[in-house]
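Note sheet for the following structure.
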Amino acid sequence: MPENRSSVVVNFFIRAIIGFAMIFFINQFLISQDINVRVGMNPATFVTSGVLGTPGVALLYGISFYQGF
């Protein structure tokens with residue numbers, strides 16, 4: 001059972017770090033295109049990307065896009 005817990009924690013941190021990298025690069029791309037949709041990099045987005053992965057990052061951008069209108 002301890003192996004399973006450690007793999008869950010490692011999986012969470014890998015997804016969160018990849019999610020943060022995706023947010024950073026997508027934000028940079030949107031800035032270069034003069035699009036005013038941005039997602040902040042904070043503990044809430046770290047947890048969201050860690051738990052939900054790539055769909056969580058897409059959800060964050062969807063919420064940000066929706067709030068822009």
Side-chain angles (χ1 to χ4, degrees):
M1 198 66 170
E3 303 169 27
N4 191 16
R5 287 185 185 171
S6 64
S7 67
V8 168
V9 171
V10 168
N11 192 8
F12 170 82
F13 279 108
I14 289 173
R15 283 188 297 200
I17 291 168
I18 291 172
F20 250 34
M22 288 174 55
I23 290 170
F24 175 78
F25 288 115
I26 292 170
N27 280 345
Q28 293 300 315
F29 174 76
L30 293 175
I31 289 169
S32 71
Q33 300 297 317
D34 290 329
I35 300 173
N36 290 328
V37 177
R38 305 223 187 353
V39 172
M41 296 178 71
N42 55 48
T45 57
F46 185 81
V47 170
T48 302
S49 64
V51 171
L52 299 175
T54 303
V57 173
L59 176 68
L60 291 168
Y61 276 100
I63 292 169
S64 181
F65 181 75
Y66 183 73
Q67 286 180 346
F69 289 111

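Residue numbers start at 1 and run along the sequence shown.
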Check residues 22-29 and write down every donor-acceptor pair under 3.5 Å in which the side-chain atom is one partner and the other belongs to a residue at least two apart or another chain.
{"unit_1": "Asn27", "atom_1": "OD1", "unit_2": "Val39", "atom_2": "N", "d": "3.3"}
{"unit_1": "Asn27", "atom_1": "OD1", "unit_2": "Tyr61", "atom_2": "OH", "d": "2.8"}
{"unit_1": "Asn27", "atom_1": "ND2", "unit_2": "Ile23", "atom_2": "O", "d": "3.4"}
{"unit_1": "Asn27", "atom_1": "ND2", "unit_2": "Val39", "atom_2": "O", "d": "2.7"}

Please table the atom pairs, donor to acceptor, closer than 3.5 Å between any side-chain atom in residues 46-58 and protein atoms at least two apart or in another chain.
{"unit_1": "Thr48", "atom_1": "OG1", "unit_2": "Ala44", "atom_2": "O", "d": "2.8"}
{"unit_1": "Ser49", "atom_1": "OG", "unit_2": "Thr45", "atom_2": "O", "d": "3.0"}
{"unit_1": "Ser49", "atom_1": "OG", "unit_2": "Phe46", "atom_2": "O", "d": "3.1"}

Could you go through Val10 and Ser7, starting from their C-alpha distance and side-chain angles, then the distance that decides it, and tell me whether this counts as side chain to side chain contact (heavy atoms under 4.5 Å, CB included)?
CA-CA 5 Å; Val10 168; Ser7 67; 5.7 Å; no
Shared hydrophobic cluster for Ile17 and Ile14 (ILVMFWY, side-chain gaps under 4.5 Å):
no
